[in-house]
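Encoded as C-alpha coordinates, the structure appears first; notes follow it.
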Amino acid sequence: MLSAVRSCLLPIIRLYLQGFKALLVQLFSRPFGLPGGRDEQEGLVAVRRICEEYKEAKVEFTKLDLASLQSVRQFVQRFKERGLPLNLLVNNAGVMLVPEGRTEDGFEQHFGVNYLGHFLLTWLLLDTLKDSGKCGCFSRVVNVSSSAHRVGEIGLNDLNSCQSYSAHAAYCQSKLAQLLFSSHLHQELQRGGFPLSSCAVDPGMVDTALYRHLWTPLSLVQSAIARLLFRTPAEGAATVLFAALSPALEGECGGGYWANGRRVMTSQPTFDPQLRLSLWETSVQLLGLQ
(Lines give C-alpha, C1' and ligand atoms only; values in the text may rest on other atoms or scores of the structure.)
Protein backbone atom coordinates (compact mmCIF):
# COMPACT_ATOMS: atom_id res chain seq x y z
CA MET A 1 0.00 0.00 0.00
CA LEU A 2 2.75 2.41 1.03
CA SER A 3 4.77 1.67 -2.09
CA ALA A 4 1.72 2.25 -4.28
CA VAL A 5 1.04 5.63 -2.67
CA ARG A 6 4.70 6.53 -2.96
CA SER A 7 4.81 5.61 -6.65
CA CYS A 8 1.83 7.90 -7.30
CA LEU A 9 2.88 10.85 -5.16
CA LEU A 10 6.61 11.05 -5.85
CA PRO A 11 6.29 11.96 -9.55
CA ILE A 12 3.76 14.68 -8.66
CA ILE A 13 5.97 16.09 -5.89
CA ARG A 14 9.00 16.01 -8.22
CA LEU A 15 7.04 17.84 -10.95
CA TYR A 16 5.99 20.66 -8.65
CA LEU A 17 9.41 21.02 -7.00
CA GLN A 18 11.01 21.39 -10.43
CA GLY A 19 8.26 23.82 -11.39
CA PHE A 20 8.98 25.85 -8.26
CA LYS A 21 12.67 25.94 -9.18
CA ALA A 22 11.81 27.24 -12.66
CA LEU A 23 9.55 29.82 -11.03
CA LEU A 24 12.38 31.15 -8.84
CA VAL A 25 14.74 31.40 -11.81
CA GLN A 26 12.19 33.45 -13.72
CA LEU A 27 11.31 35.66 -10.76
CA PHE A 28 14.85 36.79 -10.12
CA SER A 29 16.12 37.10 -13.68
CA ARG A 30 16.73 40.70 -14.64
CA PRO A 31 14.32 42.09 -17.25
CA PHE A 32 15.87 42.50 -20.68
CA GLY A 33 14.84 45.85 -22.07
CA LEU A 34 14.29 47.06 -25.74
CA PRO A 35 8.83 47.87 -26.92
CA GLY A 36 -3.63 38.46 -35.23
CA GLY A 37 -5.24 37.59 -31.99
CA ARG A 38 -8.54 36.16 -30.79
CA ASP A 39 -9.99 39.20 -28.96
CA GLU A 40 -11.08 41.60 -31.67
CA GLN A 41 -11.78 44.52 -29.32
CA GLU A 42 -8.33 44.31 -27.70
CA GLY A 43 -6.74 43.94 -31.13
CA LEU A 44 -8.39 47.09 -32.46
CA VAL A 45 -7.36 49.03 -29.33
CA ALA A 46 -3.76 47.89 -29.87
CA VAL A 47 -3.86 48.98 -33.51
CA ARG A 48 -5.16 52.41 -32.50
CA ARG A 49 -2.43 52.86 -29.87
CA ILE A 50 0.32 51.91 -32.32
CA CYS A 51 -1.00 54.31 -34.95
CA GLU A 52 -1.21 57.13 -32.38
CA GLU A 53 2.44 56.63 -31.36
CA TYR A 54 3.79 55.97 -34.86
CA LYS A 55 1.84 58.09 -37.32
CA GLU A 56 3.22 56.40 -40.43
CA ALA A 57 2.66 52.83 -39.18
CA LYS A 58 0.54 50.54 -41.33
CA VAL A 59 -1.12 48.13 -38.90
CA GLU A 60 -4.12 45.87 -39.28
CA PHE A 61 -5.93 43.40 -37.04
CA THR A 62 -7.31 40.09 -38.31
CA LYS A 63 -9.11 37.67 -36.04
CA LEU A 64 -7.44 34.31 -35.49
CA ASP A 65 -8.55 31.67 -32.96
CA LEU A 66 -5.84 29.03 -32.45
CA ALA A 67 -8.35 26.82 -30.64
CA SER A 68 -10.03 26.32 -34.03
CA LEU A 69 -8.19 24.69 -36.92
CA GLN A 70 -10.85 26.07 -39.26
CA SER A 71 -10.10 29.59 -38.02
CA VAL A 72 -6.37 29.03 -38.64
CA ARG A 73 -7.00 27.85 -42.19
CA GLN A 74 -9.37 30.75 -42.91
CA PHE A 75 -6.83 33.24 -41.56
CA VAL A 76 -4.07 31.85 -43.80
CA GLN A 77 -6.36 31.85 -46.82
CA ARG A 78 -7.29 35.51 -46.28
CA PHE A 79 -3.64 36.45 -45.86
CA LYS A 80 -2.46 34.60 -48.96
CA GLU A 81 -5.21 36.10 -51.10
CA ARG A 82 -3.59 39.50 -50.57
CA GLY A 83 -0.27 38.39 -52.06
CA LEU A 84 1.79 40.01 -49.31
CA PRO A 85 5.32 38.96 -48.26
CA LEU A 86 5.83 37.51 -44.78
CA ASN A 87 9.19 38.07 -43.13
CA LEU A 88 8.29 37.37 -39.52
CA LEU A 89 5.90 35.03 -37.74
CA VAL A 90 5.67 35.21 -33.93
CA ASN A 91 3.77 32.29 -32.38
CA ASN A 92 2.75 33.99 -29.16
CA ALA A 93 -0.80 32.89 -28.30
CA GLY A 94 -1.28 30.70 -25.26
CA VAL A 95 -3.39 29.41 -22.39
CA MET A 96 -2.09 28.32 -18.99
CA LEU A 97 -3.46 26.10 -16.22
CA VAL A 98 -6.95 26.02 -17.70
CA PRO A 99 -9.50 23.49 -16.40
CA GLU A 100 -9.70 20.26 -18.33
CA GLY A 101 -11.41 20.84 -21.64
CA ARG A 102 -11.19 20.35 -25.39
CA THR A 103 -10.85 22.61 -28.40
CA GLU A 104 -13.57 22.48 -31.04
CA ASP A 105 -11.45 19.87 -32.85
CA GLY A 106 -11.24 17.64 -29.76
CA PHE A 107 -7.68 18.39 -28.59
CA GLU A 108 -6.70 19.10 -24.98
CA GLN A 109 -6.67 22.90 -24.69
CA HIS A 110 -2.99 23.47 -23.84
CA PHE A 111 -1.83 21.04 -26.52
CA GLY A 112 -4.34 22.35 -29.06
CA VAL A 113 -3.84 26.10 -28.58
CA ASN A 114 -0.22 26.42 -27.47
CA TYR A 115 1.17 23.82 -29.85
CA LEU A 116 -1.04 22.36 -32.58
CA GLY A 117 -2.62 25.68 -33.60
CA HIS A 118 0.83 27.22 -34.02
CA PHE A 119 2.10 24.12 -35.83
CA LEU A 120 -0.69 24.35 -38.40
CA LEU A 121 -0.34 28.13 -38.78
CA THR A 122 3.40 27.85 -39.39
CA TRP A 123 3.02 24.88 -41.75
CA LEU A 124 0.48 26.68 -43.93
CA LEU A 125 2.63 29.82 -44.11
CA LEU A 126 5.98 28.11 -44.73
CA ASP A 127 6.01 28.67 -48.49
CA THR A 128 5.31 32.38 -48.08
CA LEU A 129 7.98 32.71 -45.38
CA LYS A 130 10.55 30.91 -47.55
CA ASP A 131 9.74 33.04 -50.60
CA SER A 132 10.00 36.26 -48.56
CA GLY A 133 13.45 35.59 -47.14
CA LYS A 134 16.74 36.18 -48.93
CA CYS A 135 20.44 35.81 -48.26
CA GLY A 136 21.46 38.29 -45.59
CA CYS A 137 17.85 38.92 -44.60
CA PHE A 138 16.26 35.63 -43.54
CA SER A 139 12.60 35.36 -42.64
CA ARG A 140 12.07 34.18 -39.05
CA VAL A 141 9.65 32.07 -37.03
CA VAL A 142 9.73 32.92 -33.32
CA ASN A 143 8.04 30.46 -30.97
CA VAL A 144 7.24 31.85 -27.52
CA SER A 145 7.91 29.03 -25.07
CA SER A 146 8.68 29.05 -21.33
CA SER A 147 11.16 27.75 -18.78
CA ALA A 148 8.26 25.50 -17.77
CA HIS A 149 9.40 23.26 -20.63
CA ARG A 150 12.12 22.02 -18.30
CA VAL A 151 9.61 19.99 -16.28
CA GLY A 152 7.54 18.96 -19.29
CA GLU A 153 7.28 15.42 -20.59
CA ILE A 154 5.99 14.32 -23.98
CA GLY A 155 3.62 11.36 -23.84
CA LEU A 156 3.27 10.44 -27.51
CA ASN A 157 0.58 7.91 -26.64
CA ASP A 158 -1.43 10.41 -24.59
CA LEU A 159 -0.82 13.89 -25.97
CA ASN A 160 -4.40 14.87 -25.09
CA SER A 161 -3.97 13.91 -21.41
CA CYS A 162 -6.86 11.44 -21.53
CA GLN A 163 -5.38 8.96 -19.06
CA SER A 164 -4.98 11.57 -16.31
CA TYR A 165 -5.21 15.36 -16.32
CA SER A 166 -2.99 17.88 -14.60
CA ALA A 167 -3.25 21.47 -15.82
CA HIS A 168 0.36 22.07 -14.80
CA ALA A 169 1.67 18.97 -16.61
CA ALA A 170 -0.41 19.76 -19.72
CA TYR A 171 0.95 23.31 -19.87
CA CYS A 172 4.56 22.15 -19.43
CA GLN A 173 4.09 19.48 -22.11
CA SER A 174 2.79 22.08 -24.58
CA LYS A 175 5.80 24.33 -23.97
CA LEU A 176 8.22 21.44 -24.45
CA ALA A 177 6.37 20.50 -27.63
CA GLN A 178 6.87 24.04 -28.92
CA LEU A 179 10.61 23.74 -28.39
CA LEU A 180 10.82 20.35 -30.09
CA PHE A 181 8.86 21.77 -33.03
CA SER A 182 11.03 24.89 -33.25
CA SER A 183 14.24 22.87 -33.17
CA HIS A 184 13.11 20.31 -35.74
CA LEU A 185 11.78 23.01 -38.06
CA HIS A 186 15.06 24.93 -37.92
CA GLN A 187 17.02 21.77 -38.70
CA GLU A 188 14.83 20.99 -41.71
CA LEU A 189 15.15 24.55 -43.00
CA GLN A 190 18.92 24.41 -42.71
CA ARG A 191 19.04 21.11 -44.59
CA GLY A 192 16.94 22.59 -47.37
CA GLY A 193 19.06 25.73 -47.60
CA PHE A 194 16.04 28.02 -47.22
CA PRO A 195 16.40 31.71 -46.19
CA LEU A 196 14.26 31.09 -43.11
CA SER A 197 15.12 30.30 -39.49
CA SER A 198 13.16 29.15 -36.46
CA CYS A 199 13.95 29.92 -32.83
CA ALA A 200 12.22 29.74 -29.45
CA VAL A 201 12.17 32.32 -26.69
CA ASP A 202 11.31 32.59 -23.00
CA PRO A 203 9.80 35.99 -22.09
CA GLY A 204 9.99 35.29 -18.33
CA MET A 205 7.18 35.79 -15.84
CA VAL A 206 5.03 38.62 -17.16
CA ASP A 207 2.16 40.36 -15.37
CA THR A 208 -0.71 39.48 -17.72
CA ALA A 209 -4.08 37.73 -17.57
CA LEU A 210 -2.33 34.44 -18.35
CA TYR A 211 -2.37 33.66 -14.60
CA ARG A 212 -6.12 34.02 -14.15
CA HIS A 213 -6.66 30.26 -13.80
CA LEU A 214 -4.32 29.87 -10.83
CA TRP A 215 -5.72 28.14 -7.74
CA THR A 216 -7.37 30.93 -5.68
CA PRO A 217 -4.80 31.09 -2.80
CA LEU A 218 -1.96 31.15 -5.33
CA SER A 219 -3.81 33.75 -7.38
CA LEU A 220 -3.95 36.06 -4.35
CA VAL A 221 -0.22 35.62 -3.77
CA GLN A 222 0.52 36.17 -7.45
CA SER A 223 -1.51 39.39 -7.49
CA ALA A 224 0.37 40.66 -4.46
CA ILE A 225 3.87 40.06 -5.81
CA ALA A 226 3.30 40.58 -9.54
CA ARG A 227 3.86 44.34 -9.49
CA LEU A 228 7.08 43.92 -7.53
CA LEU A 229 8.71 40.91 -9.17
CA PHE A 230 6.98 40.15 -12.46
CA ARG A 231 7.92 41.81 -15.71
CA THR A 232 5.67 44.29 -17.42
CA PRO A 233 4.22 43.28 -20.80
CA ALA A 234 6.73 45.64 -22.46
CA GLU A 235 9.64 43.97 -20.66
CA GLY A 236 8.28 40.53 -21.50
CA ALA A 237 8.04 41.49 -25.15
CA ALA A 238 11.66 42.65 -25.23
CA THR A 239 13.24 39.19 -25.56
CA VAL A 240 10.65 38.25 -28.17
CA LEU A 241 11.50 41.37 -30.18
CA PHE A 242 15.20 40.65 -29.77
CA ALA A 243 14.75 37.18 -31.28
CA ALA A 244 12.59 38.63 -34.04
CA LEU A 245 14.76 41.59 -35.01
CA SER A 246 18.34 41.29 -33.75
CA PRO A 247 21.18 40.85 -36.28
CA ALA A 248 22.63 38.35 -33.76
CA LEU A 249 20.14 35.76 -35.08
CA GLU A 250 20.62 36.49 -38.76
CA GLY A 251 21.18 33.66 -41.22
CA GLU A 252 23.20 30.72 -39.94
CA CYS A 253 23.28 32.28 -36.46
CA GLY A 254 19.53 31.78 -36.06
CA GLY A 255 17.73 29.05 -34.20
CA GLY A 256 18.15 28.01 -30.58
CA TYR A 257 16.38 29.03 -27.38
CA TRP A 258 16.72 32.60 -26.09
CA ALA A 259 16.11 34.31 -22.75
CA ASN A 260 17.17 37.78 -21.61
CA GLY A 261 18.91 38.42 -24.92
CA ARG A 262 21.10 35.32 -24.62
CA ARG A 263 21.07 31.86 -26.14
CA VAL A 264 20.52 29.39 -23.30
CA MET A 265 20.46 25.62 -22.86
CA THR A 266 17.23 23.67 -22.98
CA SER A 267 16.19 20.48 -21.19
CA GLN A 268 17.54 17.06 -22.18
CA PRO A 269 14.49 15.85 -24.18
CA THR A 270 14.95 18.68 -26.68
CA PHE A 271 18.23 17.07 -27.81
CA ASP A 272 16.52 13.78 -28.70
CA PRO A 273 16.25 13.71 -32.54
CA GLN A 274 13.90 10.71 -32.48
CA LEU A 275 11.51 12.46 -30.09
CA ARG A 276 11.54 15.59 -32.26
CA LEU A 277 10.81 13.55 -35.38
CA SER A 278 8.12 11.42 -33.71
CA LEU A 279 6.28 14.46 -32.39
CA TRP A 280 6.52 16.15 -35.81
CA GLU A 281 5.12 13.10 -37.63
CA THR A 282 2.38 12.63 -35.04
CA SER A 283 1.38 16.29 -35.37
CA VAL A 284 1.23 16.05 -39.16
CA GLN A 285 -1.03 13.02 -38.81
CA LEU A 286 -3.31 14.67 -36.21
CA LEU A 287 -3.74 17.72 -38.44
CA GLY A 288 -4.31 15.73 -41.61
CA LEU A 289 -1.34 17.29 -43.41
CA GLN A 290 0.80 15.77 -46.17
Supply the atom-to-atom distance [X] [atom1] to [Y] [atom2], rounded to the nearest 0.5 angstrom.
X      : Y      : atom1 : atom2 : result
Gln74  : Leu69  : CD    : CG    : 11.0 Å
Phe61  : Lys63  : CZ    : NZ    : 7.5 Å
Leu126 : Leu196 : CG    : CG    : 6.5 Å
Asn157 : Cys162 : CG    : SG    : 11.5 Å
Phe194 : Leu129 : CZ    : CG    : 12.0 Å
Leu121 : Leu64  : CG    : CG    : 6.0 Å

Any donor and acceptor pair, going by atom type alone, linking the side chain of [X] with main-chain N or O of [Y] inside 3.5 Å?
X      : Y      : answer
Asn260 : Arg262 : no
Asp131 : Pro85  : no
Ser183 : Leu179 : no
Arg263 : Gly255 : yes
Ser174 : Tyr171 : yes
Arg276 : Phe181 : no
Arg102 : Asn160 : yes
Ser139 : Gly133 : yes

What are the two closest heavy atoms between [X] and [Y], and how far apart are they?
X      : Y      : answer
Pro269 : Leu176 : CB-CD2, 4.3 Å
Gln190 : Glu252 : NE2-OE1, 3.6 Å
Leu66  : His118 : CD1-NE2, 3.2 Å
Leu159 : Gln173 : O-NE2, 3.1 Å
Ala57  : Ile50  : CB-CG2, 4.2 Å
Lys130 : Leu189 : CE-CD2, 3.9 Å

Check your understanding: Step by step, would you call Thr128 with Phe79 a side chain to side chain contact (heavy atoms under 4.5 Å, CB included)?
Key -> CA-CA 10 Å; Thr128 306; Phe79 178 81; 4.1 Å; yes

Is the shortest side-chain heavy-atom distance between [X] and [Y] below 4.5 Å?
X      : Y      : result
Lys175 : Asn114 : yes
Val201 : Asn143 : no
Leu124 : Leu120 : yes
Leu249 : Arg140 : yes
Trp258 : Cys199 : yes
Leu185 : Trp280 : yes
Leu156 : Leu275 : yes
Leu89  : Asn91  : yes

Review point. Between Ser283 and Leu286, does a side chain to side chain contact (heavy atoms under 4.5 Å, CB included) hold up when you go through it step by step?
Key: CA-CA 5 Å; Ser283 303; Leu286 289 172; 5.5 Å; no

Review point. Would the number of heavy atoms belonging to other residues, nucleotides or ligands and lying under 6.0 Å from CD of Gln285 be above 12?
Key: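 No, the 6.0 Å shell around CD holds no more than 12 heavy atoms from other groups.
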
Practice item. Mark yes when over 12 heavy atoms from residues, nucleotides or ligands other than Arg78 sit less than 6.0 Å from its CZ; otherwise mark no. Key: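 Correct, the count exceeds 12.
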
Point to revise | Pairs where residues 86-116 contributes a residue and the test ring-ring contact (aromatic ring centres under 6.0 Å, His included) is met, not counting sequence neighbours | key: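 Residue pairs with at least one partner in residues 86-116: Phe111-Tyr115, Tyr115-Phe119.
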
Practice item. Could you list all the ring-ring contact (aromatic ring centres under 6.0 Å, His included) pairs where at least one residue sits in residues 138-165, not counting sequence neighbours? Key: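 For residues 138-165: His149-Tyr257.
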
Review point. How would you list, by chain and number, every residue that makes a side-chain hydrogen bond (donor to acceptor under 3.5 Å, both in side chains) with Glu100, sequence neighbours excluded?
Key: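 Residues passing side-chain hydrogen bond (donor to acceptor under 3.5 Å, both in side chains) with Glu100: none at all.
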
Review point. Using 4.0 Å as the upper bound for N to carboxylate O, is an ion pair formed by Glu53 and Arg48?
Key: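 No, this pair does not count.
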
Practice item. Answer yes when Arg191 and Glu188 have at least one side-chain N-carboxylate O distance shorter than 4.0 Å, and no when they do not. Key: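 Counted as a salt bridge, because a side-chain N and a carboxylate O are separated by less than 4.0 Å.
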
Exercise for review: Determine whether Val76 and Val284 fall in the same hydrophobic cluster, where Ile, Leu, Val, Met, Phe, Trp and Tyr are linked whenever their side-chain heavy atoms lie under 4.5 Å apart.
Suggested key: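 Both belong to a single hydrophobic cluster.
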
Any side-chain donor paired with an acceptor under 3.5 Å for [X] and [Y]?
X      : Y      : answer
Ser71  : Asp65  : no
Asp202 : Thr239 : no
Ser182 : Gln178 : no
Ser161 : Glu108 : no

